[in-house]
Amino acid sequence: MLLQIAEPGQSAKPHQHKLAVGIDLGTTNSLLATVRSGQADTLPDLEGRHLLPSVVRYSAEAEPSVGFDARAEAADDPFNTIVSVKRLMGRGLDDVKRLGTELPYDFVESGVDAGMPYLKTAAGDKSPVQISADILKVLAQRGREALGDELVGAVITVPAYFDDAQRQATKDAAKLAGINVLRLLSEPTAAAVAYGLDHAAEGTFAVYDLGGGTFDISILQLNRGVFEVLATGGDSALGGDDFDHAIAEWVMLQLGLTELPREEQRRLFDLAREAKETLTDQNQTELSITLAGQSWQGVLTREQFNELVESKIKQTLRACRRALKDADVAIDDVNEVVMVGGSTRVPHVRTLVEGFFGNVPHSEIDPDRVVAIGAAIQADVLAGNKPDAEMLLLDVIPLSLGLETMGGLVEKVIDRNTPIPVARAQEFTTYKDGQTAMVIHVLQGERELVDNCRSLARFELRGIPPMAAGNAKVRVTFQVDADGLLGVAARELGSGVESAVEVKPSYGLADDEIARMIKESFSHAEEDHDARTLREQQVEAERLVEALEAALAADGERLLTAEDCAVLAQGIAQLKVIGSGTDHKTIAKGIEVLSAASDEFAARRMDDGIRRALAGHKINEI
Amino acid sequence: MAIEQNYFLLFDLPQHFTVDTALLSERYRSLQKELHPDRFAHQGEREQLRAVQATAHLNDAMATLKSPLKRAAYLLKLKGIDTDSSSITIADGKFLMQQMLLREQLEEIAGSATPMDELEALLEQVQISEAELKGLLATLVASDDRDELQQALEMLRKLQFFDKLRHEIELLEDQLADV
């Protein structure tokens, strides 16, 4: 294999294949996949194992161990070995305490990020974001070693039902791991891509995705390469782990135990997981364990197990029904059902899902790997390796977004299952004479009361000119990007005065906090941080140059005067010179200048594209 | 901004209440293929931001033209009728009485012996009324006469009442199905 020589972090030269990966950051296991010679596949570690258990063990002296070794040690060192950290992503301390009985960790509140839980470990207090970053670092390293060069970027999958805080936490973890995120992609959508492209499918699909700790249902419409999500639903705290807990509770009942020392929980859960997996192929399993000094042996039949988990599975079917309704699709109109996630191996899940849809579900592609494979295909397209690809993914926002109004009520601004990107503005007014400030509380969820929704951000709009009540007009704009991430801005319209807005994420990390952690993660903090910023700016400059050169070559003559072409060509030449310099601020300025100069050209190209899209149609329609 | 602001022009569709929804979806997908941020992911941040704004606009346009109620409101707005004002009330006493009776009917269904069947019947009744109103609305909204447009607005308000009611019927259906 030939190695490409390039500076780390810099994009490869044009026309070269750009190395991009798809990452499935799962509750139980994580995977990495990439497209090579047109074929998407997962990448194994040096020992040929594709799955990486999402388990991190921290110790005082050494680097954290991640994966199989960490998982093997979990029972012996339960407090320092973090499993299922995905369940904690984007969660507040209160949510986490509710999961308390299921997770044996010591949680501490951090002084820096109010409300964000940190886990006490031998290596210090760790946030879920940091722990996830440690898993991602191992995967990124695996990618670099297998592909022989730096990665341009990654598509990272998240449960479709992840809210804004959970998505933001995932993106922060990637940033912390030094990974450029090309896109956050919904897991069921990723699975649909892998499956749909493989089978050249068209029509209406349901993707049923039951993972270790999350459940998603997505209803998609496939039409000539366009994957359009019509509706999505689910539960971001329901998965195969719950099946394990149901078995564990059953075992405790047999032993007459109501409580268990935390040190012993992990062993019981391991036993439960093994029993669950055995019952996939066998009708019964023998169990034996010593807990709280008591030895016990027993048999669990598949029938008993089915009974234990039936209510959980039915919970998923209720979500399926709601999603179908939101999509305005009748059950009979679903052409195919695709099963994703390791927990869909449980036979009773398959039986009930088949009964619900009246359709034998597909699982030809390994349900553990299908999500990573779909993400890799999308990463390949986003990196620019397939300029003529027809494929396009259109996703939706899974949960409604709203604002707190008087009386602790939530007023919805964007409804769930609205296609993204989306921007909406809402106007508010003051309710007191001379009021100069307004608190804006952003929430996500379907319920009417603030207390029942997830608080995403709370900020204060200051500097409203004093006016009589009801005269000030404050416009709050929500913008959700293609990653499903929310940005909020507010400004006072009546006076034309724009006011400062400070957004403090309720559970996430503030931007400077991420910057601090990135700095800390380098041994030579300051220089490395600057070097990194410089590389980032250089990459951005190269991207702009490359894109503009391609655009000029394609449309320059047609859409611009010779003079304008020359101006842009000169600008490109200038940025190339600036870009080879070492001052990141100068490069940033250069990017800004050339971007502004090419704005009009970009606008004309967009118009042209729209005309072409519609004209192409008229020919098709004839 | 460079993108076409008028939703009908954006999709190159006639400015009518009746819309060919298959054609609308087809053109939506074609435009997405041109404008979506994924098409610009390997380019600069500015390109991506522009794409986010363009597709947000496209998605708004699609949501507006796809829904008959939103489409009607948009047509009225294009003709200079203020549809935002919540001060417009319905003076039609007979209509309001009918709404009250329908709502009472809905409340009683929850406790009845065969709620699903009764919900079906109620839903059918609502759909018949809606179809009738939509027919009237389609004619009125095409007019250039201010009075007729005001009448169209009233039809729209009435349809919004029915829309809410239908939503509540569906909610109850959900609850009954969950038990």
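Basis for what follows: all heavy atoms, side chains included, without hydrogens, waters or symmetry-related copies. A, B, ... follow the sequence lines: proteins, then strands. Residue 1 opens every chain.
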Subject >> Sub-4.5 Å side-chain heavy-atom contact between B:Arg29 and A:Leu392 >> reply: no
List the atom pairs, donor and acceptor, that lie under 3.5 Å between side-chain atoms in residues 93-108 of chain B and the rest of the protein, sequence neighbours left out.
from, atom 1, to, atom 2, distance (Å)
B:Arg103, NH1, B:Glu168, OE1, 3.0
B:Arg103, NH1, B:Glu168, OE2, 3.3

Subject >> Considering all heavy atoms, the nearest B:Ala56-A:Ala423 contact >> reply: CB-N, 3.7 Å
Original post:
Are B:Glu47 and A:Arg543 ion-paired here, with the side-chain N under 4.0 Å from a carboxylate O?
Top reply: no
Original post:
Where does B:Asp38 contact chain A at under 4.5 Å (heavy atoms): side chain, backbone, both or neither?
Top reply: both
Subject >> Neighbour count above 12 (heavy atom, 6.0 Å) for B:Asp145 CG >> reply: yes
Subject >> Engaged part of A:Lys325 at the chain B interface, taking heavy atoms whose separation is under 4.5 Å >> reply: side chain
**OP:** Step through the shown structure and confirm whether more than 12 heavy atoms of other residues, nucleotides or ligands are within 6.0 Å of CD on A:Glu448.
**Re:** no
Original post:
So does A:Arg224 pair up with B:Glu26, basic N to acidic O under 4.0 Å?
Top reply: yes
Subject >> From CG (A:Leu394) to CG (B:Asn59), nearest 0.5 Å >> reply: 7.5 Å
Original post:
Rounded to the nearest 0.5 Å, how far does CZ of A:Arg611 lie from CD of B:Glu34?
Top reply: 11.5 Å
**OP:** Count the heavy atoms belonging to other residues, nucleotides or ligands that lie under 6.0 Å from CD of A:Glu427, then report whether that count exceeds 12.
**Re:** yes
Original post:
Checking heavy atoms, do the side chain of A:Ile420, its backbone, both or neither come under 4.5 Å from chain B?
Top reply: backbone
Subject >> A:Gln479 portion near chain B, given a 4.5 angstrom heavy-atom threshold >> reply: side chain
Subject >> Most chain B-contacting option - heavy-atom pairs closer than 4.5 Å, from A:Ala541, A:Ala20, A:Ala482, A:Gly609 >> reply: A:Gly609
Subject >> B:Leu31 portion near chain A, given a 4.5 angstrom heavy-atom threshold >> reply: both
**OP:** Answer yes or no: is there a side-chain heavy-atom contact under 4.5 Å between A:Val226 and B:Gln32?
**Re:** no
Subject >> Minimal non-hydrogen separation, A:Ala596 against B:Arg46, with atom names >> reply: CA-NH2, 3.6 Å
**OP:** Taking atom CD of B:Glu132 as the centre, report whether more than 12 heavy atoms of other residues, nucleotides or ligands fall under 6.0 Å from it.
**Re:** no
Subject >> Heavy-atom closest pair, residues A:Leu614 and B:Phe11 >> reply: CD2-O, 3.9 Å
Original post:
So, do A:Pro421 and B:His36 sit near enough that their side-chain heavy atoms are less than 4.5 Å apart?
Top reply: yes
Original post:
In Å and rounded to the nearest 0.5 Å, what is the CD to OG distance from A:Glu228 to B:Ser25?
Top reply: 7.0 Å
**OP:** Check each atom of B:Phe40 against the heavy atoms of chain A and say whether the ones under 4.5 Å are side chain, backbone, both or neither.
**Re:** neither
Original post:
Any side-chain heavy-atom pair from A:Ile610 and B:Leu35 closer than 4.5 angstrom?
Top reply: yes
**OP:** Can you sort out the partners of A:Asp481 under side chain to side chain donor-acceptor pair (under 3.5 Å), two or more places apart, ordered by chain and number?
**Re:** none
